[in-house]
> 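Let me begin by handing over the structure; questions about it come next.
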2 protein chains.
Amino acid sequence: MKDKSIGGGNTTMLILRLIENEDMYGYQMIDALEKKSNHVFALKAGTLYPILHGLEQQEMITAYDGVSEEGRQRRYYQITKKGRKLLDEKKKEWETYASAIKNVMGGISYAEV
Amino acid sequence: MKDKSIGGGNTTMLILRLIENEDMYGYQMIDALEKKSNHVFALKAGTLYPILHGLEQQEMITAYDGVSEEGRQRRYYQITKKGRKLLDEKKKEWETYASAIKNVMGGISYAEV
DNA sequence: ATATTATATATAGATGATCGATATATGTCA
DNA sequence: TGACATATATCGATCATCTATATATAATAT
């Protein structure tokens with residue numbers, strides 16, 4: 001995984017999280033992710049837009065043309081009910097994954113099954 | 001990232017961690033990883049061996065032929081000083097990554113820079 | 001003694017996620 | 001007017017990992 005790359009198949013989860021409470025347009029997501037991650041993640045436009053289009057096709061999000069606070073035409077994305085369900089699943093997967101890494105790295109061992 | 005796949009570019013870190021305190025042979029690593037991860041990770045032989053050969057070439061590990069506790073010929077792998085340094089780096093990268101995900105998912109925000 | 005199965009090591013090709021490069025259009029600022 | 005930042009978009013390349021496959025040995029069952 002390269003420096004500042006998001007990797008690990010978590011990009012979709014992060015995008016859905018960003019628009020969980022607020023509709024956003026593409027570039028706004030890139031900025032928000034950079035800030036919230038404290039400059040660890042630098043999501044590329046070339047990664048973002050194909051994912052947004054895919055999520056739209058799967059009805060995880062819907063898109064509409066709107067006007068930004070500065071009065072400019074922007075393409076906004078809104079999470080759907082289906083998308084919230086997917087976000088929940090991805091969250092659980094991440095927790096399982098992170099906890100497994102912790103177990104291996106910390107050396108916690110379980111009874112053999 | 002598929003179910004039970006390790007992904008995220010963390011396989012090398014996990015392998016190095018496994019042999020940090022004890023030399024191991026390939027299949028032993030697969031078993032150890034499955035147990036320590038509480039059955040979350042199922043490392044595939046087809047993933048493991050190419051990584052081991054790569055780490056050997058980069059002098060992160062050394063290999064030698066030994067005899068297992070059951071008296072069988074096995075190919076053992078031992079971490080080198082260089083490998084321990086790499087493990088430390090990978091650990092730090094993981095911590096940075098996991099903490100960034102946490103920040104985004106939990107909604108912690110930082111002052112804009 | 002022989003067949004079957006589990007263990008072990010290994011490699012090649014396929015897949016999938018993400019990046020880098022590039023294209024295009026619009027709005028802002030000097 | 002020209003340069004630059006913002007914004008959306010697509011395509012090909014790259015990299016990690018998986019699947020499938022091959023091969024060998026040892027253990028177990030017949």
Side-chain angles (χ1 to χ4, degrees), chain A residues 1-16 23-34 37 40-58 61 63-77 90 93-94 97 100-101, chain B residues 1-16 23-34 37 40-58 61 63-77 90 93-94 97 100-101:
Chain A
M1 198 155 53
K2 217 174 275 184
D3 193 41
K4 300 230 169 183
S5 152
I6 297 181
N10 292 307
T11 310
T12 295
M13 173 179 80
L14 294 171
I15 291 171
L16 291 174
D23 298 357
M24 284 192 184
Y25 59 90
Y27 244 69
Q28 195 182 356
M29 297 181 201
I30 292 175
D31 285 348
L33 193 56
E34 168 135 33
S37 75
V40 174
F41 299 139
L43 177 59
K44 302 301 153 66
T47 306
L48 175 62
Y49 290 104
I51 291 178
L52 288 176
H53 302 154
L55 287 172
E56 200 183 350
Q57 278 207 322
Q58 301 165 66
I61 61 179
Y64 61 91
D65 291 311
V67 179
S68 74
E69 286 174 22
E70 307 98 36
R72 308 217 207 128
Q73 272 288 323
R74 293 287 174 256
R75 187 128 186 99
Y76 281 88
Y77 294 91
K90 297 261 178 203
E93 276 172 32
W94 164 254
Y97 181 86
I101 294 267
Chain B
M1 198 158 52
K2 216 175 276 183
D3 192 40
K4 300 230 170 183
S5 151
I6 298 181
N10 292 307
T11 310
T12 295
M13 173 180 78
L14 294 171
I15 291 171
L16 290 175
D23 297 357
M24 284 192 183
Y25 59 90
Y27 244 68
Q28 194 183 356
M29 297 180 201
I30 291 175
D31 285 348
L33 192 56
E34 168 136 32
S37 75
V40 173
F41 299 139
L43 176 60
K44 301 303 154 61
T47 306
L48 174 62
Y49 289 104
I51 291 178
L52 288 177
H53 301 155
L55 287 173
E56 200 184 347
Q57 280 206 321
Q58 299 165 67
I61 60 179
Y64 61 92
D65 292 310
V67 179
S68 74
E69 285 175 21
E70 309 96 35
R72 308 213 208 130
Q73 272 288 324
R74 293 287 173 255
R75 186 129 186 100
Y76 281 88
Y77 295 90
K90 296 261 178 202
E93 276 171 32
W94 164 254
Y97 181 85
I101 294 267

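Here is how names work: the chains are called A, B, and so on, in the same order as the sequence lines, proteins then strands, and each is numbered from 1.
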> Residues two or more places apart in sequence or in another chain: which of them pass side chain to side chain donor-acceptor pair (under 3.5 Å) with B/Q58?
none
> Return the set of residues passing ring-ring contact (aromatic ring centres under 6.0 Å, His included) with A/F41 (not counting sequence neighbours), or none when no residue passes.
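Checked A/F41 against ring-ring contact (aromatic ring centres under 6.0 Å, His included); matches are B/Y97.
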> Reckon A/F41 touches a base, only the sugar-phosphate, or nothing at all at heavy-atom distances under 4.0 Å?
nothing
> Side-chain N or O of B/S5 less than 4.0 angstrom from OP1 or OP2 on D/dC18?
yes
> Just checking B/K44: base, sugar-phosphate only, or nothing, at a heavy-atom cut-off of under 4.0 Å?
base
> Could you write out each protein N or O paired with an N or O of nucleotides 10-14 of chain D at a distance under 3.5 Å?
{"residue": "D/dT10", "atom": "OP2", "partner": "A/H53", "partner atom": "ND1", "Å": "3.2"}

> Starting from P on D/dT6, measure out to OH on A/Y76 and report it in whole angstrom.
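It works out to 15 Å between those atoms.
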> Heavy atoms from C-beta onward define the side chain here; which of C/dC19, D/dA7, C/dT9 lies closest to that of B/Y27?
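For the B/Y27 side chain, the nearest candidate turns out to be C/dT9.
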> Among all residues two or more places apart in sequence or in another chain, which pass the side chain to side chain contact (heavy atoms under 4.5 Å, CB included) test with A/Y27?
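Testing A/Y27 for side chain to side chain contact (heavy atoms under 4.5 Å, CB included), a comparison that skips the adjacent residues, returns A/Y25, A/I30, A/Y49.
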> How would you list, by chain and number, every residue that makes a side chain to side chain contact (heavy atoms under 4.5 Å, CB included) with B/E69, sequence neighbours excluded?
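Scan of B/E69 (side chain to side chain contact (heavy atoms under 4.5 Å, CB included), adjacent residues dropped) gives none.
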> Quick one: pull up CD1 in A/I61 and CG in A/L16 and give me the separation to the nearest 0.5 Å.
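If we round to the nearest 0.5 Å, A/I61:CD1 and A/L16:CG are 7.5 Å apart.
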> For A/L33, does its backbone N or O pair with a side-chain atom of A/S37 as donor and acceptor, under 3.5 Å?
yes
> Counting just side-chain N and O atoms, does B/T11 come under 4.0 Å of either OP1 or OP2 of D/dA16?
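The answer is no; no side-chain N or O of B/T11 sits under 4.0 Å from OP1 or OP2.
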> Tell me the interatomic distance from B/L33, atom CG, to D/dC18, atom P, rounded to whole angstroms.
10 Å
> Rounded to whole Å, how long is the line connecting atom OH of A/Y97 with atom P of D/dA16?
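These atoms are roughly 13 Å apart.
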> Between atom CE in B/M24 and atom P in C/dT7, what is the gap in whole Å?
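One finds 17 Å between P of C/dT7 and CE of B/M24, rounded.
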> In whole Å, I'd like the distance from the CG atom of B/L43 to the C1' atom of D/dT17.
10 Å
> With nearest nucleotides of DNA chain C determined for A/A42 and B/Y25 from heavy-atom distances, which residue corresponds to the more 5′ nucleotide?
B/Y25
> Can you list, in residue-number order, the parts of residues 67-75 of chain B that come under 4.0 Å of DNA chain C, counting heavy atoms only?
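Result for residues 67-75 of chain B: B/R74, B/R75, sorted by number.
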> Side chain to side chain donor-acceptor pair (under 3.5 Å) with B/D23: which residues, sequence neighbours excluded?
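With sequence neighbours excluded, B/D23 shows a side chain to side chain donor-acceptor pair (under 3.5 Å) to B/Y64, given in chain and number order.
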> Applying side chain to side chain donor-acceptor pair (under 3.5 Å), name anything that partners B/Q73, two or more places apart in sequence or on another chain.
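Here no residue qualifies.
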> Rounded to the nearest Å, what distance is computed from the CG atom of residue A/L52 to the P atom of nucleotide D/dT8?
9 Å
> Could you list the residues that satisfy side chain to side chain donor-acceptor pair (under 3.5 Å) with B/R72, not counting sequence neighbours?
none
